[in-house]
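Structure record follows, encoded as structure tokens.
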Amino acid sequence: MQEVIITGANSGLGWATAKHLLQQGYAVTLACRNPAKAEAAKQKLETQTGSKNISYRQLDLASLKSMRDFVERTNGAPYGLICNAGIQYSQPTQYTKDGFELTFGVNVLGHFLLTNLLLSKFRTLERIAVVSSAAHDPNTGGGRFGHPAFTTPELLAHVHDNPKADWNKLGNTRYVTSKLCALFFTYKLNLLLRSNNRSNVLVNAFNPGLLAGTGLGKNSAPFTKFIWYYILPAMAKFFKGSSTPDKSGLLLSKLITSVNESGKYFSLGAAAVASSAESYDTNEMETFWQGCEVLVGLGENEKWYK
Ligand SMILES: NC(=O)c1ccc[n+]([C@@H]2O[C@H](COP(=O)([O-])OP(=O)(O)OC[C@H]3O[C@@H](n4cnc5c(N)ncnc54)[C@H](OP(=O)(O)O)[C@@H]3O)[C@@H](O)[C@H]2O)c1
């Protein structure tokens, strides 16, 4: 039975994707930071699917050591990886255990290290999906979050804030920048796979649409939080590009089970679409990859590519 590892699978999109994969006969590993939430998610999955092929391993994307421990404890032959976990927050800057700005550390650097370590250890890993967002593109509905502000991984990780910053605005900028980076990651990873005899591995990015009411809103400012949990769920159906964790979870599961393409962006549909113009900027992509390598300390023996 083929196993798929899903980060942040205890709630929202990740949980729904796990459910659909189990229903399609796959085994899933819940890679979550909170053991109690993971156990509750596992029990609910067992009840709803009847599957016993669910395991849990602790993973905190805000700790480089946790990623290394996770991969060390991964045995068997994982077939799929879904880089789903993500955060957005609007408070004064927070940091990962390694001192990186939290949004960039969790959404980007954590998945960068995890994916490369897994590719380095397992030739069985053949399907990778990376969750991005329409918010990465100011021209396609993501405009309300503002523009991404990619500079270099070093500058995004080690920030120097004005204490009087508008945290709400800064939080949005950091979030959309992290979702642009998810595309740099997908596209560059695809090129490396193709040029290093790993063409059997397919990697694609995914926009799940607006999933109002998920845990993503839990670190927002009070007013935004109120809208996210109490107003938007009732109104979401009127918004273009809105979906539900269940519908998008099914689409995301198909990127593991049915896709035949690689290096593409899927946005709430079965056919690949174009992402923002900036996401194809090869100079920025190169800066992104090289900067991330340094920040996560990817060793020469851990690089599966030349
Ligand atoms: N909701 C939307 O409208 C929307 C739109 C576009 C894209 N997305 C993307 O979809 C993905 C899933 O989001 P969601 O809406 O389903 O929100 P969610 O329910 O909050 O799911 C996010 C998951 O990430 C986990 N997580 C956060 N920090 C982590 C860490 N340090 N280590 C490991 N896991 C961590 C959370 O765990 P805890 O429960 O322990 O916090 C949770 O399981 C995210 O990448 C998000 O950016 C969402």
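Because the structure is a prediction, the values reported are computed rather than measured.
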Q: Could you work out the complete set of other residues in the hydrophobic cluster of V159, with links drawn between I, L, V, M, F, W and Y side chains under 4.5 Å apart?
A: Y95
**Q.** Other cluster members, L191 - Ile/Leu/Val/Met/Phe/Trp/Tyr, side-chain contacts below 4.5 Å
**A.** none
Q | Audit row: E101, L156, side-chain contact (heavy atoms from CB on, under 4.5 Å) steps and yes/no | A | CA-CA 7 Å; E101 187 284 315; L156 293 173; over 6 Å; no
Please set out all donor-acceptor pairs under 3.5 angstrom arising from side-chain atoms of residues 217-227, sequence neighbours excluded.
| residue | atom | partner | partner atom | Å |
| --- | --- | --- | --- | --- |
| S220 | OG | G217 | O | 3.3 |
| K225 | NZ | K218 | O | 3.2 |

Partners passing side-chain contact (heavy atoms from CB on, under 4.5 Å) against [X] (at least two apart in sequence or in another chain):
X    : answer
Q43  : E39
T96  : A62, D98, F100, L102
L193 : L119, L189, R198, V201, V203, W304

(Q) Is the shortest side-chain heavy-atom distance between E293 and K303 below 4.5 Å? (A) yes
Q.
Is any side-chain heavy atom of K65 closer than 4.5 Å to one of K97?
A. no
Can [X] and [Y] be counted as having a side-chain donor-acceptor contact under 3.5 angstrom?
X    : Y    : result
N207 : S267 : yes
T29  : S55  : yes
R33  : S66  : no

Q.
Please check if the number of heavy atoms outside K247 that lie under 6.0 Å from its NZ is greater than 12.
A. no
Please name all residues satisfying ring pair (Phe, Tyr, Trp, His ring centres under 6.0 Å) with [X], sequence neighbours left out, ordered by chain then number.
X    : value
F112 : F185, W289
F122 : none
Y265 : H136

Q) Which pairs pass ring pair (Phe, Tyr, Trp, His ring centres under 6.0 Å) with one or both residues in residues 17-43, sequence neighbours excluded? A) none
Q: Just do the side-chain hydrogen bond (donor to acceptor under 3.5 Å, both in side chains) check on S248 and S243 with the steps written out, would you?
A: CA-CA 7 Å; S248 292; S243 182; 2.8 Å; yes
Return all side-chain donor-acceptor pairs below 3.5 angstrom for residues 231-239, not counting sequence neighbours, or 'none' if the list is empty.
none

Q) What residues form a salt bridge (Lys or Arg N to Asp or Glu O under 4.0 Å) with K37, not counting sequence neighbours? A) none
